[in-house]
Amino acid sequence: MVSWIISRLVVLIFGTLYPAYYSYKAVKSKDIKEYVKWMMYWIIFALFTTAETFTDIFLCWFPFYYELKIAFVAWLLSPYTKGSSLLYRKFVHPTLSSKEKEIDDCLVQAKDRSYDALVHFGKRGLNVAATAAVMAASKGQGALSERLRSFSMQDLTTIRGDGAPAPSGPPPPGSGRASGKHGQPKMSRSASESASSSEVEPAALAAVALLTHLLIQKHQPRPHTHSPAVEDGRNPALS
């Protein structure tokens, strides 16, 4: 574990940050010699990083594996050994020069195939998304229409009747005149008004019955009383 941590720090600091800074100085100074030197190093370091990805999985059990990695990075950077320049000139440059045309053809074919695959999968994705959107819209419209059809006129009448029940007794006197005088429309009763009207209904009925009885007595004809003067044929005004 300690060897792994040390090797990662060495590769990060001396294998990446240190060459990056000197590459910046080479670009800034426009020194062709330094520029070529660090370009060769980065090519070798890219190959080393690619190989390291697999060797860390299969060769990490090898004795002194991480120590060898530290020594290899130091050998690449050392101005005395010039390991990166040696590897590039002896192995990498001749191999790439002989396989350059095949590598370029493979890259062009891979680029074209990747573009075609991207366009193909993009079209398929758009088609699937459009189909899903249409299906969702049709299902939603069907559910909405079925919901609206369920509310028939009979159901609406029942709901209206349940919400505002008609009064069971006759209206109190004067209510017709008040409505005709002012001409105001009747407001729909709420649930609280329905509850309160159901509570005071017996008292209202009693009051209506009493008023009706009084009106009947008022409009009944009075019995005629026969005075003795009239019966005798005398005029009461003259007597």
*Taking all non-hydrogen atoms of both residues into account, name the closest pair between E52 and Y65 and its distance.*
O-OH, 4.3 Å
*Is S97 reaching over with its side chain to a backbone N or O of P94, donor-acceptor style, under 3.5 angstrom?*
no
*Is the backbone of G15 close enough, under 3.5 Å, to the side chain of Y41 for a donor and an acceptor to pair up by distance?*
yes
*Is Y21 reachable from F14 through a run of I, L, V, M, F, W or Y residues, each pair having side-chain heavy atoms under 4.5 Å apart?*
yes
*asked:* Rounded to the nearest 0.5 Å, what separates atom OG in S85 from atom CE in M39?
replied: 12.5 Å
_Donor-acceptor pair, side chain of T16 and main chain of I13, under 3.5 angstrom_ = no
*asked:* Is any side-chain heavy atom of Y66 closer than 4.5 Å to one of I6?
replied: no
*Examine distances only and state if a side-chain atom of S7 and a backbone atom of W4 form a donor-acceptor pair shorter than 3.5 Å.*
yes
*So, the side chain of S114 versus the backbone of K111: is there a donor-acceptor pair under 3.5 Å, distance only?*
yes
*Exam field: side chain T131 to backbone N127, donor-acceptor pair closer than 3.5 Å*: yes
_Ring centroid separation Y22 to Y18 under 6.0 Å_ = yes
*Can you tell if the side chain of F54 reaches within under 4.5 Å of the side chain of L59, non-hydrogen atoms only?*
no
*Check whether any side-chain heavy atom of H120 sits under 4.5 Å from a side-chain heavy atom of D116, and report yes or no.*
no
*Rounded distance (nearest 0.5 Å) linking atom CZ of R89 with atom NZ of K82*: 9.0 Å
_Between K25 and D31, does any NZ, NE, NH1 or NH2 come within less than 4.0 Å of an OD or OE carboxylate oxygen?_
no
*Full working for side chain to side chain contact (heavy atoms under 4.5 Å, CB included) between V73 and F48*: CA-CA 9 Å; V73 172; F48 165 73; 4.1 Å; yes
*If we only count heavy atoms from C-beta on, is the R8 to L12 side-chain gap below 4.5 Å?*
no
_Quick check: do D56 and K69 have side-chain heavy atoms less than 4.5 Å from each other?_
yes
*For S23, does its backbone N or O pair with a side-chain atom of Y35 as donor and acceptor, under 3.5 Å?*
no
*CG of L126 to NZ of K123: how many Å apart, nearest 0.5 Å?*
10.0 Å
_Using 0.5 Å steps for rounding, measure from the CH2 atom of W75 to the CG atom of L87._
4.0 Å
*So do I44 and V92 actually touch side chain to side chain, heavy atoms under 4.5 Å?*
yes
*Which value, rounded to the nearest 0.5 Å, describes the distance between M40 atom CE and L76 atom CG?*
12.0 Å
*Side chains of F45 and S84 in contact at under 4.5 Å (non-hydrogen atoms)*: no
